[in-house]
Amino acid sequence: VKPIVIGTTLPLTGPLTEFGTSLATGYAHAVEEVNATGGPGSGGYVSLVVLDNGTDPNLASEQARDLVARGACALLGSATTQLSIPVSVVAEQLEVPAVSTLTPIRAWQSGSDAGWQWGWSVFFDELQMTRTQFQASDLVETNRRVALFTDLEEDGIVMGALWDQHAYELGYQIVYQAEFPVGIGDFSAQVAEARAVDADIVIAQILSPDGMSLLREMRAASYCPKLVFIEKAGNTGGWTRLTDGLCEGTCAAGWFAEGMGMPREDEFIQRYRGQLGGVDSNVGAIVYGYSIARVLLDAIERVGAPDSAAINVEIEQTDAEYPLGRVRFDAAHASVTPAMVTQWQSNDMVLVMLPDGSPGPHRLRVPPPGLSSPAFSSREVCPAI
Amino acid sequence: VLAVLFLGPSYLGDASIVLAFTLLLNMTMAQAWNLIGGYGGQFSLAQGMFVGVGSYTTAVLMVRTGVPLWLAIPIAGLVAAALGALAAVPLFRLRGVYFAVGSLGVALAVLSWMINWEFTNKTSSYSLPSSAFLGFEMQYYMAGAVAAVTTASVAFIARSRFGLRLMAVRDDEDAALELGVNSFAVKLGAFTLSAFFVGLAGALLALQKLTLEPYSAFSLTFTINMIIACVIGGLGTVVGPLLGAAVMFGLQQWLEDYADWSTLILGIALIVIIRIAPGGLVGLARGGWERLREDGPIERGLRRVS
C-alpha cells in the first residue's frame, strides 16, 4: 500500500534542539497511534519524513521544498518564528497545508502581509502572554519595580516592547531595560545596574546560554529579586540540570503543566515524566507536537486521500479537544491557546498561576531559592548530578 | 547546456523546478566567489553578506518605493557592488590571512548593523509583498539567466587582459606590481563584480523567500558553501564552481535523511576530495586526460623506441 507522506523540518541540532526533539517525539507518537489503528483513509498508512534543519532558517526553507518534492502532501511545522515562517511561506508557494506550533501567534501572522492561506498555527498570543508576568507578580508583595533583560532576537524586541507597554496599565514601573545581542556572555554591568535601581522583579527574554550567564551573574552579585521570570531559556527542558540548580524558583510563562486538567494529561505525564526526568516544557512541546499532528492526521482521515487542497479545507473545519485543549481556527488560521505561569520547583515546572490570573495548584515561592539561599546547592534539586 | 536549461520546466515538476532554482543560485554564488577567490586568489569571507544586501535592497525597494520588480533586481546588484567597492578600499590594504580576517570582520559588522537597524525592522521579519512571487517557472528562468550571465562573464574575464592581470596578482602580487599591474585596481574590480553577481542572487532569493530576517539573510553559511563548491569543483576554472555546487547540492540532498551524520560525512568527503584531487574535480579530470594522452599509442611507441 502506498503511504500517505507528511513531512517536517525540525531543529534537531543547534540552539533549539530541545524544542525540535520534543516536537519530533510528539509527531511520531501521533503517527504511530494513527497507524496502529489502521491508518487514515481506506487502509493506507502514514509515513512521516523528519529532516534536521540545524536551527537554520535557510535550510528549513530548502528542506520544506524538498519534502514536497518527495511527495509530502502536508507539512508539520518547525518551532519558533525564525523557523516556522519560512516553512509557512513554502506551504503558501507550493500549496500544501502546514500546521505549526511553539510560535507566538502575532509574530507568525506578521510573516504574511496577505494572510496565510495554507499555513496554520496553534500557540499562545504574545499580548496575553506578556501580561502573565505582571499578573503573577500581583500574587506576592513587591515594590512593583521591574528590570527587563531582552535580547535582540525578534521575540526579544517584540516582547520587550509589550512588557514596556503593559507595565504602566497594570501598575508596574519599568525601571531598567538591558537590550543585548545573543551570546553576550557577561552580564556584570547590566546586573549591577538592575540591582542599583532596586528592581524587585526581573523579566528576561533570553536564549539558554545567556540565561545561564545571567543567573550566574545574579548569584555572584548577590542580587536576588523577589520574582525572576526567565522566558524562552526557562522553557528549556532539563533547565535545572543545565543551570546547576540556580533556576530553582525562577518562573516562566508556560503552555502545559500538571494540574491543568487537559484531556489525557495524566497519560502524557506518565509516559514522558520518567524519560525526561520531570514535567517541564519538553513534555509540553511533546503534547503540542502530538496535538497538531493529530489535527493534521484527523483532517487527512476525513479526506481519506493525500489531496493537499482537500486536507487544507478540512483543517479549517477542525473543532475538537486535543491534549493541548480545544483547537478551533479563526479566520487568520490561528488557534490561540492560553499561557499560564509556571515555576521551576525541583525538576518540574509547576503551575503557579492559571491563565485567568488566579493562583494555581502550587504556591509561588519567593524569593527564588536558587538565587537567595547561600546553602542552596544543585544536589538539593538534582539528585542525579 | 543552455537548451537543457531552457527546456527544464518541460521535464521537471513544480517541486523539482524549485530545487533547480536553489541549485542555480548556488552555482551563481560559487561562480561569483570563484572570480575573487579562484582567479584573484583573495580568500574573501565577506561575499555571503552580499546575498543579504541584495535581498534587503530588493525588499526595501519594493515595499517602500514601489520600484518595479524588473528594476529592483539590477539595482540590488548595483547596491551590492557599490558596498563591495566601498568595503574593498580598506580591505585591499591587507594581504593574505589578514585580508581574510578583515573581510570576515566586515561581514560581521554589516550583520550587527542589520540586527540593530530600525529601518529594516531589526531582527523582526521584513516581508515582501506577495505580488513579488512570480511563480516557479519564472523564478527558475531568472535564476538560470543570472547563472548563465555570471558564468559567461567569468569565462570572458578569464580570457581577457583584465583576467590575466588578476591571475598575475594571484600568482605573485609583487612580481605583477613590478610589471606595472595596478594590483589594487584589479582586485577592487574583481571584488566589486563578484559582489554584483552575489547581490543579484540575493535579490532572486528574496523573491523566493518573501520574508527576510538578518541572521539567515547574512548567514556565513553562504560564504562557506561558495568556498566549498569552488574547492570541490576546482578553483580558478569556469566549470569547477558549477560542478562543485552540483556535487554539494546532490550530497546535501542525499544526506538530508542522515541528520546526525551529514556534517561529518560532508566534511570527510571534502577532505577526501582535497587529498586525492587538490585541483578539484576539474583538476582530477584534467590530470586523467593528460595521463591518457601520455599513454596513447604514439607515446607508448616512442617509449618502446627509446
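Below, chain A is the first sequence line, B the second, and so on; all start at residue 1.
- Heavy atoms closer than 4.5 Å to chain B are found in both the backbone and the side chain of A/Q63.
- Distance check, rounded to the nearest 0.5 Å: CZ of A/R65 to CD1 of B/I17 gives 13.0 Å.
- There is no contact between B/N121 and chain A, counting heavy-atom distances below 4.5 Å.
- Among the candidates A/V158, A/D66, A/V89, the residue making the largest number of heavy-atom pairs closer than 4.5 Å to chain B is A/D66.
- Residues B/F133 and A/Q93 form a side-chain contact, since some pair of their non-hydrogen atoms from C-beta on lies under 4.5 Å apart.
- For B/L128, the part lying under 4.5 angstrom from a heavy atom of chain A is the backbone only.
- What you find for B/S127 and A/S110 is that their closest heavy atoms are OG-O, 3.5 Å.
- With a 4.5 angstrom heavy-atom cutoff, B/Y126 does not touch chain A via any of its atoms.
- Atom CG of B/N26 sits about 6.5 Å away from atom CD of A/E62, to the nearest 0.5 Å.
- In this structure, the portion of A/I157 lying under 4.5 Å from any heavy atom of chain B is its side chain and not its backbone.
- Interface check for chain B: of the options A/L152, A/N53, A/V49, the most heavy-atom pairs under 4.5 Å are formed by A/L152.
- For the options B/Q252, B/K209, B/E213, B/Q208, heavy-atom pairs under 4.5 Å to chain A are most numerous at B/Q208.
- In this structure, A/N58 and B/T221 have side chains that are not in contact, with every pair of non-hydrogen atoms separated by 4.5 Å or more.
- Atom CH2 of B/W117 has more than 12 heavy atoms from other residues, nucleotides or ligands within 6.0 Å.
- Options B/S219, B/P129, B/S112 differ in how many heavy-atom pairs under 4.5 Å they form with chain A, and the most are formed by B/P129.
- Interface residues of residues 67-77 of chain A toward chain B, defined by a heavy-atom distance below 4.5 Å and sorted by number: A/V68, A/A69, A/R70.
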